[in-house]
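Single-structure report; data block below.
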Amino acid sequence: MDMTTYSPRALFLAVTALLVSVATTNAVASKAPGQDNALAPAIIDDLPANYAADLDGDTRRLVERGRYIARLGDCVACHTASDKRKPMAGGLALETPFGVLYSTNITPDDETGIGRYSFEQFDRAMRKGVAADGHNLYPAMPYPSYARITNEDMHALYAYLMEGVSPVRQPNRPLEMGFPFNQRWGLSMWNWMFLDDQVFTANPEQSDAWNRGAYIVQGLGHCGACHTPRGIGFQEKTLSEAGRHGSHFLAGETVEGWRALSLRNLWTPEQTAEMLKTGRNSHGTVSGNMVDVVQHSTQYMDDQDLRAVGLYLKSLPASEHDQPLQVVQGPVPAITPVSASSAGALPVDLLTSRGGLGYQQFCADCHRSDGAGVHGVFPPLAGNPVLRSEDPSTLVHITLTGWRSAQTASHARGLTMPSFARLSDQEITDILNFTRRAWGNSVVQAIRPTLVADMRKRLDVRTQDNRPFETPRLADLLKEPNAGQLVLGAQLNTHTHELLPANVGNALNCASCHLNAGTVADGSPYVGVSAFFPSYAPRAGRVISLEERINGCFLRSMNGKPLPLESTEMKAMVAYFDWMKRETRPADKVEGRGVGKIDTSIVPNLENGEKLYAVQCALCHGNDGEGIRNASGKWVYPPLWGDDSFNLGAGMARTYTAAAFVKQNMPIAFKDHFPLGQGGLTDQEAVDVAAYFSHKPRPDFAGKVRDWPKDKKPVDARY
C-alpha cells in the first residue's frame, strides 16, 4: 500500500487540453541476465556527474549545487529513456489519448541538445515554456512551477547541465500528435490565461525553514502537479497556499488511475521527511510514479530540506477541498465495521466471508492475518491512507497492476507486489472491501465490480501468467455444506503450530512449504493429492493412507506428535484435501503439482550459497536462520535452522528437493510472479543456497533409522 502518488510527466500533459490517462513509468533497472543474485543490491543513480577535470573550484561548487537543483527538480526521470547509457538525452515516451510526446535532449550537445542555449534562452524555457527557436513547449516540462526558481538556482542548474553532463548526439523524436493537438500556437493562449511566472517570494511572517519548504514544494518539487485540483483549462487551480484559491493547494487529485492524496496538514514533519528519504514510514509506503520521485529525487535531499518540506506541509490547514473529487456512484450500502477487541486481533469475518478468505489466501503472507504487516519489510494496513481514502483508485490500481517499493540507500532491495489481475473483478472487489472495512474506513462506499472492470480496461491490464494451473479459491469453501470443517482444514494449514501446540514442536506451519494453504503452483499444492492415496511410501516400505502421510509430516517436518486419526482436526485436514481433489484420478498428471526438479549433477558452491542467503533470504528468515517474530513474539516467518526449524528427516533437508522448492518459490516479493512475487534464482543459485541452509544444524528425527526400508536412499538425503 502507499501514501500518495506523483507524476511530473503526466500531470503537466494534463495542464494542456491533453489530460493524460496513461503515463510511462521509469522502471527500476532490473538485473541483467545471468547477473549474480548474491551481489548486494545497490541504489540506482542515473543523474550524471561528468565534471571536467580542469574545472576551477568556484565553477565546480556551482555545478555541484546545480546537480542538487536537478535532483530537486527530478530532471533525470523524464529526460532519460530506457537506454541508461544516454542520461539526459531524452526520448522517453509520454503517452496520451491524443498521441505520444517524447522528452527532449537536454545534454549540452550543440546539434541535438541545448549546447547552444544562452542562459537567457535557458531561463525563458524554464520560466515561460518557450524554446530557443521560439516554439512553445508542452507543459509536460513543468515550467509553471519552475518559474518560481530563484535566479541563483537557475544559474546553478544551467551550469550543471552545461558542465556536469556529457553531450549526447541524439536527435529529438517528432511528436506523434493528431490535429489539433499538434498545434503549439494554442499554448501561447494557455500561457496568457494561466501562467504566473513570478519568482518565489519569501513570506516574512514565516521562519526560514518554512519558506525553504514552501520554495521546494511550490517550485522545483512541483508537488501541486499531482496533488492540486485542476481548473477548466486543466491548469492547477493555484500554485501556492496564498490567495483566494489557496485552500485548493495540494488538496488532492485523481490522475492516471492513482489517487494523489491531500498533502495538507500531513503527518509530522519527521514522518514526511522519513517518507521522502526512504519511501516508507509508519503509515505506509510510496507507490506508482511516486516511487520514481523518491528513487531519483527526494532520497538525495539533505535532512534540513526534508524537514523543511515536512514543516511546510504540516502548516497547511485541512481544507474543505480535501474531499476526493471522484467517488463511487450509487447508493451507499450498509457496512458493518469489523470489530477488534485489541491491537493485533483478527477481523471477525476473516474466515467467514469471501473477502476475508480471499485476503487470507492472497494477502496475509505479506500483510499478515491481523493486517500488521512485517516491520521494516511489508507495510501495515491499519490506518493506511490508501485504505482510508473514499476514492479507491490507488487501491484498485495497485491490485491490478502490482507495486514496487522505492530503491533507496536505507532500503536498497526493492520489494514487489505482483499483479492480481488473474482474480476476477468480483474477487478483487470482495477482498478490497473486506480490507477497507477491517483496517481502513468502515463507513466508506463499497467498491463495485464495475469500477474494477473499468480500471482494468483503462489501464489495459494484461495477465502475465497464463499457465493452465488454476489456483483453488479458499473463498469457494463457503459454498460447501461442510464449509466450517473445510475452513478449519485450511486454517490448520496456515496456523498449524498455533492451533496444534501439542502436536507441533517447532515454528513451522503446513503452509511453510505448501504455500497459501497448498494453492500455489510448484509449491507442493494439494490439488489432486488425495486421489493418490492410499499409495506406496518408500520411507514406510508399504502402502499408507492419507492420514498416515499427514502424520509423517508432523513427525519429520514439525518435530511433533501425530494427530489422532479420529480427531476433529485430522478429519478437517482430510476433508480439505478431498475438496482439492477436484476431478483428479490416480493416473492423472496434475499441472503444478510438486516443486519441480533440479539437476542433481549441479555441484553446490557453499560460499556463494552463504552470500545468496544474506542477500535473498535473511530479510525474512533472519541473519542466522533464526526466523523473525512480531512485536508480541509470534512467528512471522519460520527459522531455517536451529531447534525451531524442520527436522533432519524432513524433505527440505534434502539438498535438491530444497533447491527445487527455492527455485520455484523463493524469495517472495522479488519478482512479479503470481501470487507471491516469487522466484528469480538460477538452478545453480538455488542449489548453492539450499545446500547452505539445509546442512545447518537442526533437530534430529530418531525414527529416520526406519526410513528407506526397501527403496534406495536418495543421494541428497542427509542420513
Heavy-atom side-chain contact between E64 and Y51 under 4.5 Å: yes
Exactly one of R458, K457, R456 should register a salt bridge (Lys or Arg N to Asp or Glu O under 4.0 Å) with D454. Which one does? R458
Distance only, no hydrogens: is a donor on one side chain within 3.5 Å (strictly under) of an acceptor on the other, for D46 and T80? no
Value rounded to 0.5 Å, distance of CZ in R307 from CD in E274: 13.0 Å
For the side chain of Y138 and the backbone of R184, is there at least one donor-acceptor N/O pair under 3.5 Å apart? no
Give the C-alpha distance, both sets of side-chain angles, the deciding distance and a yes or no for side-chain contact (heavy atoms from CB on, under 4.5 Å) between L157 and M126. CA-CA 10 Å; L157 180 61; M126 291 290 291; 3.7 Å; yes
Output yes when a side-chain donor or acceptor of Q121 lies under 3.5 Å from a complementary backbone atom of S118, and no otherwise. yes
Would you call Y215 and I149 a side-chain contact if the rule is heavy atoms closer than 4.5 Å? yes
Less than 4.5 Å apart, side chain to side chain, heavy atoms only: is that true for T401 and V461? yes
Where do T399 and M417 come nearest, in terms of heavy atoms and distance? CA-CE, 4.0 Å
What salt bridge (charged side-chain N to carboxylate O under 4.0 Å, His left out) pairs are there with at least one residue in residues 138-157, not counting sequence neighbours? R65-D153
How long is the span from the CZ atom in F200 to the CG atom in N211, to the nearest 0.5 Å? 4.5 Å
Using only atom types and a distance under 3.5 Å, with no angle test, would you say the side chain of Q299 pairs donor to acceptor with the backbone of L276? no
Quick check for you: to the nearest 0.5 Å, what is the distance between R67 atom CZ and R60 atom CZ? 11.5 Å
So, K237 side chain and T228 main chain: donor-acceptor pair closer than 3.5 Å or not? no
N/O donor-acceptor pair under 3.5 Å between T285 side chain and G279 backbone: no
Could I get the full list of salt bridge (Lys or Arg N to Asp or Glu O under 4.0 Å) partners for D110, not counting sequence neighbours? none
Sequence neighbours excluded, the answer for side chain to side chain contact (heavy atoms under 4.5 Å, CB included) partners of T59 is L55, D56, V63
Applying salt bridge (charged side-chain N to carboxylate O under 4.0 Å, His left out), which residue pairs with at least one partner in residues 218-227 are found, sequence neighbours left out? none
Between the CD atom in E270 and the NZ atom in K277, the distance rounded to the nearest 0.5 Å is 14.5 Å
Could you tell me how the ring of F122 sits relative to the ring of Y158: parallel (under 30°), tilted (30 to 60°) or perpendicular (over 60°)? tilted
Which heavy-atom pair separates V294 from T278 by the least distance, and what is that distance? CG1-C, 4.3 Å
Does the side-chain contact (heavy atoms from CB on, under 4.5 Å) test come out yes or no for Q295 and T408, once each step is laid out? CA-CA 6 Å; Q295 211 160 262; T408 64; 5.8 Å; no
Would you tell me whether S315 and W210 have side-chain atoms, one donor and one acceptor, within less than 3.5 Å of each other? yes
Could I get the full list of salt bridge (Lys or Arg N to Asp or Glu O under 4.0 Å) partners for R61, not counting sequence neighbours? D58
List the residues meeting side chain to side chain donor-acceptor pair (under 3.5 Å) with E241, not counting sequence neighbours, and say none if there are none. Q218, Y312
Any chance you could measure L266, atom CG, to R264, atom CZ, to the nearest 0.5 Å? 11.5 Å
For R116, check salt bridge (Lys or Arg N to Asp or Glu O under 4.0 Å) against everything at least two apart and list the hits. E111
Okay, side chain of N433, backbone of I447: is any donor-acceptor separation there less than 3.5 Å? yes
Assess whether a salt bridge exists between D208 and R212, defined as any Lys/Arg side-chain N lying under 4.0 Å from an Asp/Glu carboxylate O. no
Residues passing the salt bridge (Lys or Arg N to Asp or Glu O under 4.0 Å) test with K128, sequence neighbours excluded, are D197
By side chain to side chain contact (heavy atoms under 4.5 Å, CB included) - contacts of R173 (at least two apart): Y102, E176
Against V76, only a single residue in V165, D45, L47, D292 fulfils side chain to side chain contact (heavy atoms under 4.5 Å, CB included); can you say which? L47
Y68 to M301 - nearest heavy-atom pair and separation: OH-CA, 3.5 Å
Looking only at side-chain N and O atoms, does D109 offer a donor or acceptor that is under 3.5 Å from a partner on T107? no
Measure the shortest side-chain to side-chain distance between Y160 and I69 over non-hydrogen atoms and say whether it is less than 4.5 angstrom. no
How about N151 and H155: do any of their side-chain heavy atoms sit closer than 4.5 Å? yes
Taking E253 for its side chain and C226 for its backbone only, find out whether a donor-acceptor pair lies under 3.5 Å. no
Contacts satisfying salt bridge (charged side-chain N to carboxylate O under 4.0 Å, His left out) that involve residues 215-224 (not counting sequence neighbours) are none
Tell me if a side-chain donor or acceptor on W403 pairs with a main-chain N or O of S419 at a distance below 3.5 Å. no
Could you walk me through whether H397 and S393 pass side chain to side chain donor-acceptor pair (under 3.5 Å), step by step? CA-CA 6 Å; H397 198 310; S393 298; over 6 Å; no
With the side chain counted from C-beta on, respond yes when T435 and C363 share a heavy-atom pair under 4.5 Å apart, and no when they do not. no
Side chain to side chain contact (heavy atoms under 4.5 Å, CB included) partners for S188, two or more places apart: N136
Q170 (side chain) donor-acceptor with G90 (main chain) under 3.5 angstrom: yes
With sequence neighbours excluded, what pairs up with T104 under the side chain to side chain contact (heavy atoms under 4.5 Å, CB included) test? H79, I106, N172
Measuring only between side-chain heavy atoms, which start at C-beta, is E236 closer than 4.5 Å to S145? yes
Can you see which heavy atom on H222 is nearest to which on G73, and at what distance? CE1-O, 3.4 Å
For the pair R404 (side chain) and D672 (backbone), establish whether a donor and an acceptor sit closer than 3.5 Å, ignoring hydrogens and angles. no
With a cut-off of 6.0 Å (strictly less than), are more than 12 heavy atoms of other residues, nucleotides or ligands near CZ of R413? yes
Scanning both residues in full, the closest heavy-atom pair of L306 with T298 reads CD2-O, 3.7 Å
Testing the basics here: between P229 and H248, what is the closest heavy-atom pair and its distance to 0.1 Å? CD-O, 3.1 Å
A side-chain contact here means heavy atoms from C-beta on lying under 4.5 Å apart; do L313 and W267 qualify? no
Looking at R462 and D460, is there a salt bridge between them, counting it only when a charged N and a carboxylate O are closer than 4.0 Å? yes
Once rounded to the nearest 0.5 Å, what's the spacing between atom CZ of F119 and atom CE of M154? 6.5 Å
